[in-house]
Amino acid sequence: MPELPEVEVVRRGLAAHIVGKKITAVRVNHPRAVRRHEEGPADLTARLLDNVVTGTGRRGKYLWLTLGSGDALVVHLGMSGQMLLGPVTKTEHLRVATLLDDGTAMSFVDQRTFGGWMLADLVTVDGTEVPVPVAHVARDPLDPLFDDAAVVKVLRRKHSEIKRQLLDQTVVSGIGNIYADESLWRAKVNGARIAESLTKPTLSAILGHAADVMRDALGQGGTSFDSLYVNVNGESGYFDRSLDAYGREGEPCKRCGAIMQRDKFMNRSSYYCPKCQPRPRR
DNA sequence: CCCCTCTCCTGATCGC
DNA sequence: TGCGATCAGGAGAGGG
C-alpha cells in the first residue's frame with residue numbers, strides 16, 4: 001500500500017531512468033485508470049504522444065512527470081498502482097502502456113484501480129510549483145519547507161481524532177494507515193485521542209516520528225506486504241520486516257511486552273499497544 | 001465551515 | 001467444492 005516512502009522510491013526510479021526520454025506510443029487499456037483526466041482517454045493519449053519527460057515531482061502520495069509541453073502527468077498509485085519500466089510479463093492488470101524513444105516500456109499496472117493518470121497544468125502555491133490537482137494537498141513531513149509549528153497549530157484546533165487528522169492530506173500529506181499507526185506507536189499516543197486535547201510538544205513529537213519512520217522506510221526501499229507495491233523495477237520493499245505496530249495484533253509490544261491490539265475505527269484497522277497507548281475514555 | 005460516512009474496485013481468505 | 005461475506009484502504013463526494 002503505497003504511502004509517501006513507496007511513492008518516493010518510485011519517483012526516484014523514474015527520475016533516474018526516463019528524464020529526457022520521449023514518449024513514442026501510448027495505449028489506455030482501462031478507461032477507469034484515466035477517469036480523473038476529464039478530457040478523456042483519447043485526449044490524454046494524444047497529448048502524451050511525442051512529449052519529452054523533463055523532470056519529476058512528488059508531494060505526499062502524488063507523483064508527477066513534467067513534460068516538454070508544460071503539462072504535468074499526475075500519477076496516483078491509489079491502493080495497488082505500480083509504475084513499471086521494462087517488459088510487463090503479467091498483463092492482467094496493465095491499465096496504461098507507453099513506449100519511450102529508447103525502447104523502454106513504461107507501464108501503469110493497478111489491480112484495484114483506485115489509482116490513475118491525468119494531465120494537468122502547473123500552478124505555484126506558497127512558492128512551490130505543483131500540478132493543479134495537487135494544489136490542495138499539504139506539504140509532507142519530508143518536504144524541506146514543511147512547517148511543523150504551523151501544522152501543530154492546525155491540529156490544536158481540531159475537534160477530531162488525531163489519527164483521522166494524520167490521514168487528512170490537507171493537514172499533512174504522505175501519511176497513510178500504516179505510517180499513522182507507526183508514528184502514533186512511537187509517540188505513545190492512541191489514535192482515538194482528540195487532536196485538540198494533545199499538547200503542542202506531543203503533536204510536534206507525532207509529526208517528528210512520522211518524518212522519522214518515513215525516512216527509515218525510504219532508506220529500506222518502502223513497505224510491502226502482498227507484492228501489490230513494487231518499485232519501478234518490480235522489486236518489493238523491505239520495511240515491513242521492521243514495523244513496530246501495523247499488523248502486529250496479538251504480538252508483544254516491542255517496547256513494553258503488552259499484547260498489541262487491533263481496533264476498528266474509520267472503517268479501518270488500527271494497531272496499538274494498550275499499555276503504551278491507552279485508549280481515551282469515551 | 002467543520003466533521004464524518006459512504007463509495008469506488010479486485011482478489012485473497014474465511015466460514016458454512 | 002462452491003459460494004457469499006469480509007477485508008484491505010486513498011480520497012473525493014455528499015450529508016448533517
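Only a predicted model underlies this, so the values are computations on that prediction, with no experimental measurement involved. Labels below follow one simple rule: chain letters A, B, ... track the order of the sequence lines, proteins then strands, and each chain is numbered from 1.
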Between [options], which nucleotide gets closest to the side-chain atoms of [X]?
| X | options | value |
| --- | --- | --- |
| A:Phe114 | C:dG10, B:dC3, B:dG11 | C:dG10 |
| A:Arg262 | B:dG11, C:dC7, C:dG10 | C:dC7 |
| A:Gln111 | B:dC4, C:dA11, B:dG11 | B:dG11 |
| A:His136 | B:dT10, C:dG12, B:dC4 | C:dG12 |
| A:Arg112 | B:dT10, C:dG10, B:dT5 | B:dT10 |

Between [X] and [N], is there a contact of a side-chain N or O with OP1 or OP2 at under 4.0 Å?
| X | N | value |
| --- | --- | --- |
| A:Lys158 | B:dC3 | yes |
| A:Lys264 | C:dA8 | yes |
| A:Tyr179 | C:dG10 | no |
| A:Arg95 | B:dT10 | no |
| A:Ser160 | B:dC2 | no |

Atom-to-atom span, [atom1] of [X] to [atom2] of [N] - whole angstrom:
| X | N | atom1 | atom2 | result |
| --- | --- | --- | --- | --- |
| A:Arg59 | C:dA11 | CZ | P | 14 Å |
| A:His76 | C:dA11 | NE2 | P | 3 Å |
| A:Leu167 | C:dG12 | CG | C1' | 15 Å |
| A:Gln169 | B:dC3 | CD | P | 17 Å |
| A:Asn177 | C:dA8 | CG | C1' | 9 Å |
| A:Asp110 | C:dA8 | CG | C1' | 14 Å |
| A:Glu92 | B:dG11 | CD | P | 6 Å |
| A:Lys163 | B:dC4 | NZ | C1' | 16 Å |

Practice task
Measure the spacing between CD of A:Gln277 and CZ of A:Arg193 and express it to the nearest 0.5 Å.
Solution key: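 It comes to 10.5 Å.
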Exercise for the section: Supply the atom-to-atom distance A:His93 NE2 to A:Asp110 CG, rounded to the nearest 0.5 angstrom. Expected result: 9.0 Å
Indicate yes or no for a side-chain donor-acceptor contact from [X] to the backbone of [Y] under 3.5 Å, with no hydrogens or angles considered.
| X | Y | value |
| --- | --- | --- |
| A:Arg156 | A:Lys153 | no |
| A:Lys21 | A:His17 | yes |
| A:Asn51 | A:Ser69 | yes |

Would you classify [X] as touching base, sugar-phosphate or nothing, given that sugar-phosphate means primed atoms plus P, OP1 and OP2, and contacts are heavy atoms under 4.0 Å?
| X | result |
| --- | --- |
| A:Arg164 | base |
| A:Gln165 | nothing |
| A:His30 | nothing |

Practice task
Can you check whether any acceptor in the base of C:dG10 is under 3.5 Å from a donor in the side chain of A:Arg268, or vice versa?
Solution key: yes
Handout entry: A:Arg11 to A:Trp64, cation-pi by 6.0 Å centre distance and 45° axis angle
Key =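 Judged by the rule (NZ or CZ under 6.0 Å from the ring centre, within 45° of its axis), A:Arg11 is not positioned above A:Trp64.
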